[in-house]
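Worksheet: one structure, shown below.
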Amino acid sequence: MDTAQLSVMSLSADEFERCADYIVSALEYAGHSHTLQDVWQAITNKQAAFFPLEKSAIVVEIVDYPQRATCRIWLAGGDMEELIEAEKNICDWARGLGCDSMEIIGRKGWERQLRDYKPTATVLVKDL
């Protein structure tokens with residue numbers, strides 16, 4: 001997968017700043033593996049894509065497994081209804097990049113919200 005394609009999302013520092021609280025909130029559930037600055041660096045280095053929404057934000061990364069390309073929703077925070085609706089658009093975007101599946105790294109509660117995903121350990125997976 002050509003990670004240069006990840007740059008299609010807004011790289012506006014102002015939008016990232018506006019959405020910082022959503023991302024920080026998601027990072028708290030991610031075990032504090034990254035700082036907000038680490039996330040911004042991954043986005044600007046085209047290792048991740050940033051989807052700023054009106055009341056939420058999503059950060060994804062493409063994972064190239066040997067047998068499939070997967071779009072992983074790495075961080076998501078904000079309004080649940082908006083996030084669920086945005087997931088559909090991200091699936092379309094990922095399919096356009098050649099991804100075969102979606103993954104979500106998140107709290108177990110996502111299972112209740114996204115019933116078309118199946119749990120595999122602590123990662124939720126959905127074929128596209």
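One-based numbering along the sequence shown.
- Minimum interatomic distance between K55 and E82 (heavy atoms only, all atoms of both residues): N-OE1, 2.7 Å.
- With rounding to the nearest 0.5 angstrom, the OG atom of S12 is 11.0 Å from the CD1 atom of I43.
- Between R72 and Y65, the shortest heavy-atom contact is NH2-OH, 3.1 Å.
- Between A42 and W74, the shortest heavy-atom distance links the atoms CB-CZ3, 4.4 Å.
- Taken from CZ in R68 to CG in L128, the straight-line distance is 8.5 Å, to the nearest 0.5 Å.
- Residues V63 and V39 do not share a hydrophobic cluster, defined by chaining ILVMFWY side chains whose heavy atoms lie under 4.5 Å apart.
- For the residue pair P52 and C19, the shortest heavy atom distance occurs at CB-SG, 3.9 Å.
- Side-chain heavy atoms closer than 4.5 Å link hydrophobic residues (I, L, V, M, F, W, Y) into clusters, and following such links, possibly through other members, connects W40 to V59.
- Transitive grouping of hydrophobic side chains (ILVMFWY, heavy atoms separated by less than 4.5 Å) brings I58 and M80 into a common cluster.
- Inter-residue side-chain proximity for N89 and F51 is flagged as unmet; no heavy-atom pair is nearer than 4.5 Å.
- Counting only distance, with no hydrogens or angles, the side chain of D100 and the backbone of A69 share a donor-acceptor pair below 3.5 Å.
- With hydrophobic clusters built from ILVMFWY side chains whose heavy atoms lie under 4.5 angstrom apart, Y22 does not share a cluster with V60.
- Under the 3.5 Å distance criterion, the side-chain polar atoms of D38 are matched with a main-chain donor or acceptor of T35.
- The shortest distance between side-chain heavy atoms of C71 and L97 does not fall below 4.5 Å.
- Annotation: side chain of K126 is not in contact with side chain of I73 (no heavy-atom distance under 4.5 Å).
- Proximity of D79 to L53: side-chain heavy atoms (C-beta onward) are nowhere separated by under 4.5 Å.
- Taking every heavy atom of both residues into account, T70 and C99 meet most closely at C-SG, 4.0 Å.
- L75 contributes atom CG, which lies 8.5 Å from atom CD of E61 (distance to the nearest 0.5 angstrom).
- The shortest distance between side-chain heavy atoms of I90 and M102 falls below 4.5 Å.
- Atom CD of E87 sits about 9.5 Å away from atom CD of E85, to the nearest 0.5 Å.
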For F16 and I23, run side-chain contact (heavy atoms from CB on, under 4.5 Å): C-alpha distance rounded to whole Å, both residues' side-chain angles, the deciding distance at 0.1 Å, then the answer.
-> CA-CA 9 Å; F16 190 79; I23 296 166; 3.4 Å; yes
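- Of all heavy-atom pairs between W93 and A49, the closest is CH2-CB, 3.9 Å.
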